[in-house]
Amino acid sequence: MKLITAIIRPFKQDDVKDALSQIGVMGMTVSEVKGFGRQKGHTEIYRGAEYAIDFIPKTKIEVAVTDDLVDKVVDAIVESAKGNKVGDGKIFVTNLEEVVRIRTGETGDDAL
Amino acid sequence: MKLITAIIRPFKQDDVKDALSQIGVMGMTVSEVKGFGRQKGHTEIYRGAEYAIDFIPKTKIEVAVTDDLVDKVVDAIVESAKGNKVGDGKIFVTNLEEVVRIRTGETGDDAL
Amino acid sequence: MKLITAIIRPFKQDDVKDALSQIGVMGMTVSEVKGFGRQKGHTEIYRGAEYAIDFIPKTKIEVAVTDDLVDKVVDAIVESAKGNKVGDGKIFVTNLEEVVRIRTGETGDDAL
Amino acid sequence: MTLRTGQAIAAILLLSPLPAMANEINAGDTAWMLTASALVLIMTLPGLSLFYGGLVRSRNLLSILMQCFTIACAMSLLWFVVGYSLAFSGDGAWIGNLDKAFLSGVTLDSVSGTIPESVFIVFQMTFIMITPALFVGGFAERMNFSAMLMYSVLWSLLVYVPICHWVWGGGWLGQMGLLDFAGGTVVHITAGVSAVVAAVVLGSRNGFPGKPMPPHNLGITVAGAGLLWFGWFGFNGGSQLAADGGAGMAILVTHLSAAAGSLAWMTVEWIRYGKPSVLGIVTGMVAGLGSITPASGFVGPLGGVIIGLSGGVICYFATQFIKGKLKIDDSLDVFPVHGVGGALGTLLAAVFISASWGGAGYAEGVSMASQLSVQAIGVVATVVYTAAVSYLLLKIVGLIVDLRVDGDTEQQGLDLAQHGETGYNL
Amino acid sequence: MTLRTGQAIAAILLLSPLPAMANEINAGDTAWMLTASALVLIMTLPGLSLFYGGLVRSRNLLSILMQCFTIACAMSLLWFVVGYSLAFSGDGAWIGNLDKAFLSGVTLDSVSGTIPESVFIVFQMTFIMITPALFVGGFAERMNFSAMLMYSVLWSLLVYVPICHWVWGGGWLGQMGLLDFAGGTVVHITAGVSAVVAAVVLGSRNGFPGKPMPPHNLGITVAGAGLLWFGWFGFNGGSQLAADGGAGMAILVTHLSAAAGSLAWMTVEWIRYGKPSVLGIVTGMVAGLGSITPASGFVGPLGGVIIGLSGGVICYFATQFIKGKLKIDDSLDVFPVHGVGGALGTLLAAVFISASWGGAGYAEGVSMASQLSVQAIGVVATVVYTAAVSYLLLKIVGLIVDLRVDGDTEQQGLDLAQHGETGYNL
Amino acid sequence: MTLRTGQAIAAILLLSPLPAMANEINAGDTAWMLTASALVLIMTLPGLSLFYGGLVRSRNLLSILMQCFTIACAMSLLWFVVGYSLAFSGDGAWIGNLDKAFLSGVTLDSVSGTIPESVFIVFQMTFIMITPALFVGGFAERMNFSAMLMYSVLWSLLVYVPICHWVWGGGWLGQMGLLDFAGGTVVHITAGVSAVVAAVVLGSRNGFPGKPMPPHNLGITVAGAGLLWFGWFGFNGGSQLAADGGAGMAILVTHLSAAAGSLAWMTVEWIRYGKPSVLGIVTGMVAGLGSITPASGFVGPLGGVIIGLSGGVICYFATQFIKGKLKIDDSLDVFPVHGVGGALGTLLAAVFISASWGGAGYAEGVSMASQLSVQAIGVVATVVYTAAVSYLLLKIVGLIVDLRVDGDTEQQGLDLAQHGETGYNL
Ligand SMILES: Nc1ncnc2c1ncn2[C@@H]1O[C@H](COP(=O)(O)OP(=O)(O)O)[C@@H](O)[C@H]1O
Ligand SMILES: Nc1ncnc2c1ncn2[C@@H]1O[C@H](COP(=O)(O)OP(=O)(O)O)[C@@H](O)[C@H]1O
Ligand SMILES: Nc1ncnc2c1ncn2[C@@H]1O[C@H](COP(=O)(O)OP(=O)(O)O)[C@@H](O)[C@H]1O
């Protein structure tokens, strides 16, 4: 099993959710993060004092999937989150050694 | 060393913390996330406009542990976070290649 | 590629960002978390009712890097986040099987 | 006590030769009108601003506050420059004159009825401040700030000021006997109509109606609602221009209508969805208050309750109709609440003024039917004139600057893009 | 200037044959009473609502706002239907009559003392609005909305209205000479007692007292506190029903008591925990204000300061006792602050009215001891009657609907479960 | 109508033998002054508190609220104990006497001009409450609470009270003919100067000026701004001490100046950065209001607009100068806005009082030049005296307790460290 973590633009969250649902992904976990990268931040001015804000709001989506689904999921995310502008984000894939469903105690692929 | 990540119901946070403390886990990191899964979301109505809110507030707990503790920790979380209803959450286990304690520079099991 | 996750004190965020920028790290993702560990929490009192708050605000920084950079990055974080007091935080290193840049579809080291 | 036809009295006092005595300042009336002015001020800043601000998404909070605040300031200066003079100086049927431009000739000793003219000017100024601030809700979250400012200024000059003159300044509607105690036509219909026209001309927000756009902070919306209710005591009670039984009755019926409108809207929601909501109850409050406004100086307690109940129910269904059926993105429902409520109350005033309903009774030679037709003329004239001029002005402003921000800006939020600030850094 | 015994004067004026002159409206008095009514309104909406709303957990913010708002509206209509009439029309010892039900007979010309009757009605209406809103703090975060609404309406009819009549409407306590200027018994004791009874009948919130339930937004609590102080000028100053030296002195002592109560509570905390807190100081403010309320028309500045200081200290320890010792989950400490403060002030009024303390002095034939015993009777009667009827009503309502939400709802928060909304989408 | 020189009239009335009639209470004037007192109260609590509270970082929100609240309470008691007496009792050139310490002798029947003395006391009390609350903005986010409290009390006694006496209590500046209608010198210059002195003595916040310290919640700042504007009607309008044409004109010019200042500041920003900001417009509002304060009873509408415009522009550049050039961390810009604005208005009052500018006209034998020099003396005396005593007091307090919190506390935030609370648990 793999854990796929995507950092995307916040307003793409619903598109990505829909794309994942369509290919049968049943669950995901989302959080608000701030990103720093090639995409420029912005400037805020308060009573003449200028502040450069480097960190940009991003959304992190984590999806645990069985090995066979990884490529499909990655493709679906790329497709739905793409805007062709710097700052569209990244996808990270890591190995999951175990997954447990708390309610039932099921483990492995069954737990997903 | 393993990193154990649990997605649980927010109000179970204290129970899980207590359960982990009891088996000797000294540290953990917690964050607020929103989950999507089998558990139904809810509907909000504003001046007659209905909005389906699919994402449900969840709490993510991350615990880094030595290999020998993994099973005990997973069991403790399952036990303390279980409510026997859809949406109790999941536990993910990943491998940790290295851990460093910033204050001392200690690494490996010593850093935990 | 590795994913380096550091839990640090919130006010060290800018120092760490600067340190990483200096060694050529181009991107990172930051989020707010609450930590529990050796560092004591605090007490809040509301109309005479005392509440022990165990969880302390921390900042989580995630950086994906190529394998050769891992040690440099870990050192840079340790150096910039250290305050020599309990609670300075921890660094976790995990393996990254794949990285994708959403905008271009590039994968592997190119995507970083 | 004789019936005063609301603020129109001021015009009359200013225009007609009066017995010396009437030109003496009454400290009690003055005390109340100073207070009433402050109360109407708080309705806009921060009342309405917070009410609206809580309803948008957090990235547009500041844009709402900024629009309301800028309008409040710009209208104050406009009133000073020509507005007051055009509305209240001179007795033309269509518009006043420029004799009091820049408030020239207004001194410490100028009197208007039983209060200093300075106080009358400030009181009326707070009305021109709130009216365009109300229509901000119609184009919230997407209008370009400079277009908004240009439009508001032109609109106030070409819509608010003339209609204010027609109704309260000695113009044709007032002369015809239109009953509009505190601004059903002048304030609420004009604001509501202009909001929906702007919503149509600008188009919907991206994602409307499919995408959820829930209020970001209902706590401040309720805070704003409370301040609106509080301030409305000055709005309606102050329109009597005196501290007397008329002001007292105006406040009593205003209060009852607010309560009735709130409970009516809440009840409809409770029946339809099984859940009474806080946004519902405060919206019902505004509906009740908007509806009673034109009638507040004329009707009795029972009339107030009935107007409030009908305002709550009818504005509720109007909201469903505009947004749900017509799919017009009048973002914060200004038209169905203020426009419809204001029209409803203007019409019902003709009914509940009847002494048999506990109202102040019809003027000599006036029947319910004749009064109703005058009221209908007032409503129609206001709707038509406002809609036409608003539409034209938007088109003209649109030739000069973009009416709407671009898609990226809308995405990112107006706060950052247009004002360089963010609402929350918690 | 002669001493007026607070709002009771109104009753007297309404009941007794008066010289014609007294039935003339004074514009200055009217101006002040219009304002005072608005000030008491702002205490409930949004003052108290924000004060309470900030103290609960964020998932119950809207439920608090909703309960306060709904109560305010429902009580306004209740006052219109029968409340005002039962409280202030007729001279029975126990209850008034129905002559003014639906405010029938109240016209533009009706006079009450030196102000229009409409103004007196609105002013008194704001009191019945705030009283049940106060006790919402006792059962916060767990009471079922429909039970809350049913209970509040019945309670106001069967507890507030009769006691209001006893004290201010010509009833037995007023006739006995009870000094309650602005509502120590009528408002604060009744609200406080009912809150603690409800807390006991409903039981504690899940997790109480072990689980931390810190305030979710102290900023809005302080905002609400500021509005309460502001509005209290109208509450106590308006109870004079005139703009005169009595109103001025009432506001002066009210203000001093608020300041003294604030600093007293803060100091106790500072000594006990080493940290003065903002929640502490605003709670002390409410304690000081609640305590001075019954005494505000009678005592002098020094009396005001002493009452404030004792209110701050005694209410502090009462809070520790109820929650810490008795483990009663009167969630927002309504009883120890309002109930205890109101009783304290009612008793101390008998002391500090003494001319030797700078107060207005005793009435003919009254001594400190005799006055104290009247005050004690007033306090005891109010406590006993309120407790008994509140308890009974809760039991009766509990037969019809659930008093409490279920465990899941409490967990999830009342906002979403009962009102279908969430407070914050930042 | 004759010109009153602001609050100084009160002193005169208290000091001089008056015809019997003048000692009669006017209900209208009293109604207005009761209201005006409440309005000034709301400026501090919660107006200014929210305005400032939103500007700091979230971890210091409560410390700001706490400081403002504690000051408000402590100053009220100080006023009761000796403040009022030293300021307004006795006719010394430098300071009053102690005859009215503890407000002894103030009864229900005490009269001051046409209002009860109790009302005059409360009104003036609200001024001593807000003045030190204003300077909290200078040392925000770093001053130790106990030092803050000690300093504020001493400062009020040794700076505010004497200067209040000099200007309004019959002291040398008033006698010299200084025009300060509502507190350009007494309130705004003293607060502004003290703020910048404290900023220098305490040193900058850690990280200033490099580290971004954006406002944490501009929504509550705007809410506070709205309440300030609302309350300022009482501040300036109440300084007339009567409900008459003078009060009306004061409010009219105050309002116009606020609007003009807002738009001026906004326009400068728009030109310089391409973006008008909400923080900018509300700051301009305060600048406009602060500037008109000393002049509000003397100038006409045109004067009000001009003073507002200059206030907005000049305070803007003063802010850039102090923070940007001099790198003085007067955290919330109290000096450039209040100090500079107050001085500006005090000087401009001498110009725009001229009848040729629509003002009230000079007193007999006074020319613009002579008045200007009196005004300049007033400004300089206030600046020098305030700076010297503030500096000394800070040094003395610093010997007793730490003026500043330590670095860790500043890091963690004052809320938790000093008050044991957190602002937000959302
Ligand atoms: N090396 C990295 N480690 C972790 N997160 C990163 C890294 N590089 C980028 N990110 C995340 O991805 C987001 C987008 O990256 P950015 O460089 O701005 O654009 P792009 O993804 O188009 O190359 C950043 O805001 C950050 O959250
Ligand atoms: N495949 C997944 N990847 C990541 N998170 C998941 C996944 N499936 C579920 N979750 C998380 O677990 C939570 C609970 O899952 P859900 O399907 O609702 O119930 P259960 O855990 O009882 O099967 C979700 O809200 C989500 O946060
Ligand atoms: N075993 C752990 N797993 C996950 N996070 C941990 C663990 N131990 C500590 N942390 C995180 O690191 C932070 C600092 O740890 P702490 O024990 O307080 O100090 P130190 O890092 O100096 O030993 C904690 O607040 C927590 O967020």
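First the proteins, then the strands, lettered A, B, ... as listed; each starts at 1.
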Is the shortest heavy-atom distance from the side chain of F:F80 to the side chain of E:L252 under 4.5 Å? no
Spell out, as yes or no, whether a donor-acceptor pair under 3.5 Å connects the side chain of E:D244 to the backbone of F:A27. no
Taking every non-hydrogen atom, the tightest pair across E:A31 and F:A31: CB-CB, 4.1 Å
Proximal to chain E - members of residues 44-53 of chain F, heavy-atom separation under 4.5 Å: F:L45, F:P46, F:L50
Side-chain heavy atoms of F:I42 within contact of E:L227, under 4.5 Å: yes
Considering only heavy atoms, which portion of E:L426 lies under 4.5 Å from any heavy atom of chain F: side chain, backbone, both, or neither? side chain
Shortest non-hydrogen contact from F:E421 to E:V278? OE1-N, 2.8 Å
Gap separating the CG atom of F:L103 from the CG atom of E:L256, nearest 0.5 angstrom: 6.5 Å
Check F:L108 against E:G246 and note the closest heavy-atom contact, atom names and distance. CD2-CA, 3.6 Å
Correct closest heavy-atom pair for E:K275 and F:L416 would be NZ-O, 3.5 Å
Highest number of heavy-atom pairs under 4.5 Å with chain F among E:L302, E:L61, E:V253 belongs to E:L302
Give the interface residues of residues 69-79 of chain F toward chain E, defined by a heavy-atom separation under 4.5 Å. F:F69, F:T70, F:C73, F:A74, F:S76, F:L77
Kindly compute the distance separating CG (F:L41) from CH2 (E:W229), expressed to the nearest 0.5 Å. 6.5 Å
Check whether any side-chain heavy atom of F:L65 sits under 4.5 Å from a side-chain heavy atom of E:V282, and report yes or no. no
The interface call for E:M266 against chain F, heavy-atom contacts under 4.5 Å, is side chain
Region of E:M33 in contact with chain F, defined by heavy-atom distances below 4.5 Å: neither
Atom of E:M249, atom of F:V106 and distance for their closest heavy-atom approach: CE-O, 3.6 Å
Summary of side chain to side chain donor-acceptor pair (under 3.5 Å) pairs that have at least one residue in residues 211-225 of chain E, sequence neighbours excluded: E:H216-E:Y424, E:N217-E:Y424
Side chain to side chain donor-acceptor pair (under 3.5 Å) with F:S152: which residues, sequence neighbours excluded? none
Relative to chain E, which segment of F:S110 carries a heavy atom at a distance below 4.5 Å: side chain, backbone, both, or neither? neither
Give me the ring orientation class for F:F230 and E:F230: parallel if the planes are under 30° apart, tilted from 30 to 60°, perpendicular past 60°. perpendicular
Quick one: CD1 on E:I251 to CD1 on F:I121, what's the gap to the nearest 0.5 Å? 13.0 Å
Between E:W270 and chain F, which part of the residue has a heavy atom less than 4.5 Å away: side chain, backbone, both or neither? side chain
In short, F:H419 meets E:P276 closest at the heavy-atom pair ND1-O, 2.9 Å
Side-chain heavy-atom pair F:M66, E:V222 within 4.5 angstrom cut-off: no
Quick check on E:S277 against chain F: is it the side chain, the backbone, both or neither that has a heavy atom closer than 4.5 Å? both
Please state whether the side chain, the backbone, both or neither of F:A417 comes within less than 4.5 Å of a heavy atom of chain E. backbone
